[in-house]
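Read the structure below first, then the notes.
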2 protein chains.
Amino acid sequence: MLVAPKRDRRAERREATTAEILEAAWELTRSQGLAGLSLRALAEKIGMRPPSLYWYFNSKNAIYDAMFAQGNRQLLARLAEQRWPADAKGILRLSARAFVEFSTEDVQRYQLLFQRTIPGFQPSAEAYALAMQVVDQMRARLAAAGLTEQRAFDMWTALVSGVAAQQIANEPGGDRWLRLIDEMVDIYVDRFTGKQARREKG
Amino acid sequence: MLVAPKRDRRAERREATTAEILEAAWELTRSQGLAGLSLRALAEKIGMRPPSLYWYFNSKNAIYDAMFAQGNRQLLARLAEQRWPADAKGILRLSARAFVEFSTEDVQRYQLLFQRTIPGFQPSAEAYALAMQVVDQMRARLAAAGLTEQRAFDMWTALVSGVAAQQIANEPGGDRWLRLIDEMVDIYVDRFTGKQARREKG
DNA sequence: GTCTATATCCAGATAGAC
DNA sequence: GTCTATCTGGATATAGAC
């Protein structure tokens, strides 16, 4: 009687090729821009003919979708691997730094994940769920720092994404805005945690 | 003897058509995305054949360039038409509100002016000079509010563009982040002007 | 100024052989 | 799984008539 082997070598190989395609896609976007990605160039880069890509992805949008999901998984992993301190200010500093560094590392990934720059693209439900997980993680970090109100969270995301946006738009690869993170956290903390915040609430 | 008439009707007509093309281009980008603009669709929208556009613009990039310049002129006009108050906090509030409202009004314009989303596009020297004027205006407003340091200016642009970015990315057309502007100005002012700032300096 | 006709090239996607 | 061949349609841009 035939038994299924423990390892599915075919599935493994398929996964490996899929990963290779995505890696090549990221590289191409870095040089051609996110919207400039073409299946021809992608196929050529990995030594395939364009139609062969369709064995792995049903459409170009499916590739964007996989990239979107992968980027969000990378960010989740990045957040998970941090050694989170216990104090509020430490948590906020690390949270901001991790996000801004992740964003500035790869402009195209930043645009795909956080901006609506590709005309037709909308992430699938599965990919979008990962993006929601990222938001939940951020919210959990802020809660760990004692901040639970929606208003405080919105202000926080504005501050952090502002630093990232300016760094990317005006000095990609530099650290002119990155260096402002600690001070930004200070002025945020002054307002939203500790004595002052309690005084305003009471 | 022939004398040149005071009005150059031909030039006027050419200008009018140029303006019409640009207006149609903006409308198309709003529905198709910035990168999705095509000369075919643009020509059709104004009842022309595609080659006729080349009488007015040498290339597609020239159209993007004119749009870039126009957007910056619109922002300069917007800043100029404000009735600027005398007090620092009033100046900052109006400055932030004017910029964020301008940004959220038209997402494609925002992307063209403030983000590098089109693969090949780089503004011409003339158009770029207008973008510099915008920055100078912003800097002048901040100076009028008593803030002259580079670091304070960088922090300010991060805060303002963060509010705009979040509003556009997460709730286009809404005011969830717009409503945070006054509070954002408050926490900024607490840090960078008045007693506290002087104490930190001294 | 606007047109027709055309050049040149590229895009994403499918059919079906092997 | 990967290929060749092909479909269909799009793009920007130019030449030259009117």
Side-chain angles (χ1 to χ4, degrees), chain A residues 7-25 27-29 31-68 108 112 117-124, chain B residues 7-25 27-29 31-68 108 112 117-124:
Chain A
R7 278 176 58 196
D8 187 341
R9 304 188 82 93
R10 197 170 307 181
E12 281 173 16
R13 195 182 173 89
R14 187 187 168 95
E15 256 180 68
T17 305
T18 303
E20 192 189 350
I21 292 170
L22 287 180
E23 197 179 346
E27 270 186 55
L28 277 174
T29 49
S31 60
Q32 308 295 327
L34 198 56
L37 177 66
S38 88
L39 299 187
R40 292 189 174 202
L42 178 53
E44 194 193 15
K45 192 168 187 68
I46 59 172
M48 271 186 182
R49 301 289 167 176
S52 304
L53 294 171
Y54 284 82
W55 204 79
Y56 299 94
F57 296 98
N58 289 326
S59 68
K60 187 184 178 180
N61 255 333
I63 296 179
Y64 280 132
D65 195 59
M67 293 169 79
F68 181 87
Q108 310 306 326
L112 179 60
T117 178
I118 299 177
F121 173 67
Q122 259 195 308
S124 62
Chain B
R7 278 176 57 196
D8 186 342
R9 304 187 82 92
R10 196 170 308 181
E12 280 173 17
R13 195 183 173 88
R14 188 187 168 93
E15 257 180 68
T17 305
T18 303
E20 192 190 349
I21 292 170
L22 287 180
E23 196 180 346
E27 271 186 54
L28 277 174
T29 46
S31 60
Q32 307 296 327
L34 198 56
L37 178 66
S38 90
L39 300 188
R40 292 191 173 198
L42 179 53
E44 195 194 12
K45 192 169 186 67
I46 59 172
M48 271 187 182
R49 301 290 166 174
S52 305
L53 294 172
Y54 285 82
W55 178 258
Y56 300 94
F57 295 98
N58 289 325
S59 69
K60 187 183 177 180
N61 255 333
I63 296 179
Y64 280 131
D65 196 58
M67 294 170 78
F68 181 87
Q108 310 305 325
L112 178 60
T117 177
I118 299 176
F121 174 66
Q122 260 194 307
S124 63

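Quick note on labels: first sequence line is chain A, next is B, and so on, each numbered from 1.
Among the atoms of the strands shown, none is found under 4.0 Å from any heavy atom of B/T17. In this structure, A/L37 reaches the sugar-phosphate backbone alone: every heavy-atom distance under 4.0 Å involves primed, P, OP1 or OP2 atoms, never a base. Among the protein residues, B/R14 comes within range of the sugar-phosphate backbone only, with heavy atoms under 4.0 Å from sugar or phosphate atoms but none that close to a base.
Taking atom CD1 of B/I118 as the reference point, atom P of D/dT12 lies 12 Å away to the nearest angstrom. Rounded to whole Å, atom P of C/dT2 lies 17 Å from atom CD of B/E44. Rounded to a whole Å, the CE atom of A/M48 is 7 Å from the P atom of D/dC3. For the pair B/R49 CZ and D/dA11 C1', the interatomic distance rounds to 17 Å; values are reported in whole Å. Spacing between atom CZ of B/R40 and atom P of D/dA11 amounts to 5 Å, rounded to whole angstrom units. Atom OH of B/Y56 is separated from atom P of D/dA13 by 18 Å (rounded to the nearest Å). Note: CD (A/E15) to P (D/dG1) measures 12 Å, nearest angstrom. The separation between B/W55 atom CH2 and C/dG1 atom P is 6 Å, rounded to whole Å.
A search for side-chain contact (heavy atoms from CB on, under 4.5 Å) contacts involving A/D8 returns A/R10, A/A11, not counting sequence neighbours. For B/R13, the side-chain contact (heavy atoms from CB on, under 4.5 Å) criterion is met by no residue, not counting sequence neighbours. Qualifying salt bridge (charged side-chain N to carboxylate O under 4.0 Å, His left out) partners for B/E27, counting only residues two or more places apart in sequence or in other chains: B/K45. Judged as a side-chain contact (heavy atoms from CB on, under 4.5 Å), and not counting sequence neighbours, B/P119 has no contacts. Under the rule for a side-chain contact (heavy atoms from CB on, under 4.5 Å), A/A19 has no partner lying at least two apart in sequence or in another chain.
When atom types are taken as modelled, the side chain of B/Y56 and the backbone of B/E15 share no donor-acceptor pair closer than 3.5 angstrom.
Side-chain proximity of B/R10 to C/dG1, D/dG1, C/dG12: nearest is C/dG1. For A/L39, taking side-chain heavy atoms from C-beta onward, the closest of the listed nucleotides C/dG12, D/dT2, D/dA13 is C/dG12.
For CZ of A/R49, the number of neighbouring non-hydrogen atoms (other residues, nucleotides, ligands) closer than 6.0 Å is 12 at most.
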Atom pairs, N/O to N/O, protein against nucleotides 14-18 of chain C, distance under 3.5 Å?
none

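Residues B/S52 and A/S38 each lie close to DNA chain C; by heavy-atom proximity, the contact nearer the 5' end of the strand is made by B/S52.
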